[in-house]
Trainee: 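I'd like to ask some things about the structure below.
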There are 2 protein chains.
Amino acid sequence: MTVPESFANATSGPSCQVPEAAPTPGEPIDDETLAKVAKALGNPTRIKIIRLLLAQHTCMTGELVAQLPLAQSTISEHLRLLREAQLIQGEIEGPRTSYCVNQRILTAFKRAVADL
Amino acid sequence: MTVPESFANATSGPSCQVPEAAPTPGEPIDDETLAKVAKALGNPTRIKIIRLLLAQHTCMTGELVAQLPLAQSTISEHLRLLREAQLIQGEIEGPRTSYCVNQRILTAFKRAVADL
DNA sequence: ACGATAGATCGTGTATCGACGATAGTCGTT
DNA sequence: AACGACTATCGTCGATACACGATCTATCGT
């Protein structure tokens, strides 16, 4: 394989640019997706990761590993779960990967929660 | 035992009154709690349960069982998880139990999510 | 006191999570 | 071509989720 399998969804374009403008009116998400995203956020470490990504706009895996008291493989696993829930996007940059929050999904999630 | 164990938190007062007024400015919740609540919402069935409770203000377990395609024991289990996350409160009424959403927690959760 | 009913809990099986160390793949550098 | 840095994946483990049927408990009518 050329690309690490589950990275098929990794956009190759400049998807991690500053997300300042996220004016997405956003299509509402169904309960299935809502639950999926909620589940992804259902772990303190993953919430911290999201916070870090939001604070720094973008982050290499290594930076996250450095800022969290967990093994590299564990962080990578959390990133995988967040990726599967579409909450973050990874962009391969040379030998490393930079992650950013998928504002589209996060916004849709916020909306769905607010509308509960 | 007189009370079903994990019901120690079941308020005996009229806690399930119409939650119209939920003006709680609400103390912010920490990431631990946020994750806990998110996890509790991380299942489509539990989201449906919350929706049903919100729509009907209050609900007997039996009504929920009737409206969901799952065994009674399974619903009861989901209710337990929601209870543990403080998202709902159960009030024992004679031989049955009526549940309602804990607006305080739900509001705090909405706030925390919106503030992400 | 008895039986019916509602609902919580128990016991089981399967699946997924969360953590880790070890391994492997990819790229830039030497 | 080989090396080192960076990450994803694998394999494993214990713990927890999820679903079910069976059981237990508590309450209400009679």
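Below, read A as the first sequence line, B as the second, and so on, with proteins coming before strands; counting in each chain starts at 1.
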Trainee: Taking only residues at least two apart or on different chains, which pairs with a member in residues 35-45 of chain B satisfy salt bridge (Lys or Arg N to Asp or Glu O under 4.0 Å)?
Mentor: none

Trainee: Can you check the B/L68 CG to D/dC20 P distance for me, whole Å?
Mentor: 11 Å

Trainee: Send over the distance from B/I88 CD1 to C/dG7 P, rounded to a whole Å.
Mentor: 13 Å

Trainee: Can you tell me if the side-chain N/O atoms of B/H78 get under 4.0 Å from OP1 or OP2 in D/dA17?
Mentor: no

Trainee: Tell me the closest heavy-atom pair linking A/L87 and A/A40, and the distance in Å.
Mentor: CD1-CB, 4.1 Å

Trainee: Has A/Y99 got a side-chain N or O lying under 4.0 Å from the OP1 or OP2 atom of D/dC6?
Mentor: no

Trainee: Which residues satisfy the side-chain hydrogen bond (donor to acceptor under 3.5 Å, both in side chains) test with B/N43, sequence neighbours excluded?
Mentor: none

Trainee: Provide, to the nearest angstrom, the distance between the CZ atom belonging to A/R83 and the P atom belonging to C/dC17.
Mentor: 14 Å

Trainee: Atom CD of A/E93 and atom OG1 of A/T97: how far apart are they, to the nearest 0.5 Å?
Mentor: 8.5 Å

Trainee: Test of understanding: with side-chain hydrogen bond (donor to acceptor under 3.5 Å, both in side chains), list the residues that count as partners of A/T45, not counting sequence neighbours.
Mentor: none

Trainee: For residues 59-70 of chain B, which side-chain N or O atoms pair as donor and acceptor with protein atoms under 3.5 Å away, sequence neighbours left out?
Mentor:
{"residue": "B/E63", "atom": "OE2", "partner": "B/M60", "partner atom": "N", "Å": "3.0"}
{"residue": "B/Q67", "atom": "NE2", "partner": "B/Q56", "partner atom": "OE1", "Å": "3.3"}
{"residue": "B/Q67", "atom": "NE2", "partner": "B/E63", "partner atom": "O", "Å": "3.3"}

Trainee: Could you check how far CG of A/L81 sits from C1' of C/dT16, rounded to whole Å?
Mentor: 10 Å

Trainee: Hey, can you pull the residues of residues 44-56 of chain A with a non-hydrogen atom under 4.0 angstrom from DNA chain C?
Mentor: A/R46

Trainee: Measure the OG1-CG distance between B/T58 and B/L52 for me, rounded to the nearest 0.5 Å.
Mentor: 12.0 Å

Trainee: My understanding is that only residues two or more places apart in sequence, or in another chain, count here; which of them pass salt bridge (charged side-chain N to carboxylate O under 4.0 Å, His left out) with A/R96?
Mentor: none

Trainee: More 5' along DNA chain C: A/G42 or A/P95, using each one's nearest nucleotide?
Mentor: A/G42

Trainee: Please report, rounded to the nearest Å, how far the P atom of C/dA6 is from the CD1 atom of B/I75.
Mentor: 16 Å

Trainee: Just how far, in rounded Å, is P of C/dG7 from CG of B/L79?
Mentor: 10 Å

Trainee: Has B/T61 got a side-chain N or O lying under 4.0 Å from the OP1 or OP2 atom of C/dA8?
Mentor: yes

Trainee: Check whether any side-chain nitrogen or oxygen of B/N43 sits under 4.0 Å from OP1 or OP2 of D/dC18, and answer yes or no.
Mentor: yes

Trainee: Once you round it to whole Å, what is the distance between C1' of D/dA5 and CE of A/M60?
Mentor: 13 Å

Trainee: Starting at CG of B/L82, measure out to CD1 of B/I50 and round the result to the nearest 0.5 Å.
Mentor: 5.0 Å

Trainee: Apply side chain to side chain contact (heavy atoms under 4.5 Å, CB included) to B/A35 and list each qualifying residue two or more places apart in sequence or on a separate chain.
Mentor: A/P44, A/I47

Trainee: Enumerate the residue pairs fulfilling side chain to side chain donor-acceptor pair (under 3.5 Å) with a member in residues 69-79 of chain B, sequence neighbours excluded, ordered by first and then second residue.
Mentor: B/R46-B/H78, B/E77-B/R80

Trainee: Scan residues 30-40 of chain A against DNA chain D and write down, sorted by residue number, each residue with any heavy atom closer than 4.0 Å; if none is found, say none.
Mentor: none

Trainee: Strictly under 3.5 Å: I want the nitrogen or oxygen pairs between protein and nucleotides 20-23 of chain C, one per line.
Mentor:
{"residue": "C/dC20", "atom": "OP2", "partner": "A/A71", "partner atom": "N", "Å": "2.9"}
{"residue": "C/dC20", "atom": "OP2", "partner": "A/T74", "partner atom": "OG1", "Å": "2.9"}
{"residue": "C/dG21", "atom": "N7", "partner": "A/S73", "partner atom": "OG", "Å": "3.2"}
{"residue": "C/dG21", "atom": "O6", "partner": "A/S73", "partner atom": "OG", "Å": "3.3"}

Trainee: Taking CG from B/L82 and P from D/dA17, how many angstroms apart are they, rounded to a whole number?
Mentor: 12 Å

Trainee: Just N and O in the side chain of B/T97: are any of them under 4.0 Å from OP1 or OP2 of C/dA6?
Mentor: no

Trainee: With both distances kept under 3.5 Å, what pairs with D/dG4, Watson-Crick or G-U wobble?
Mentor: C/dC27

Trainee: Between B/L79 and B/Y99, which heavy-atom pair has the shortest distance, and what is it?
Mentor: CD1-CE1, 3.5 Å

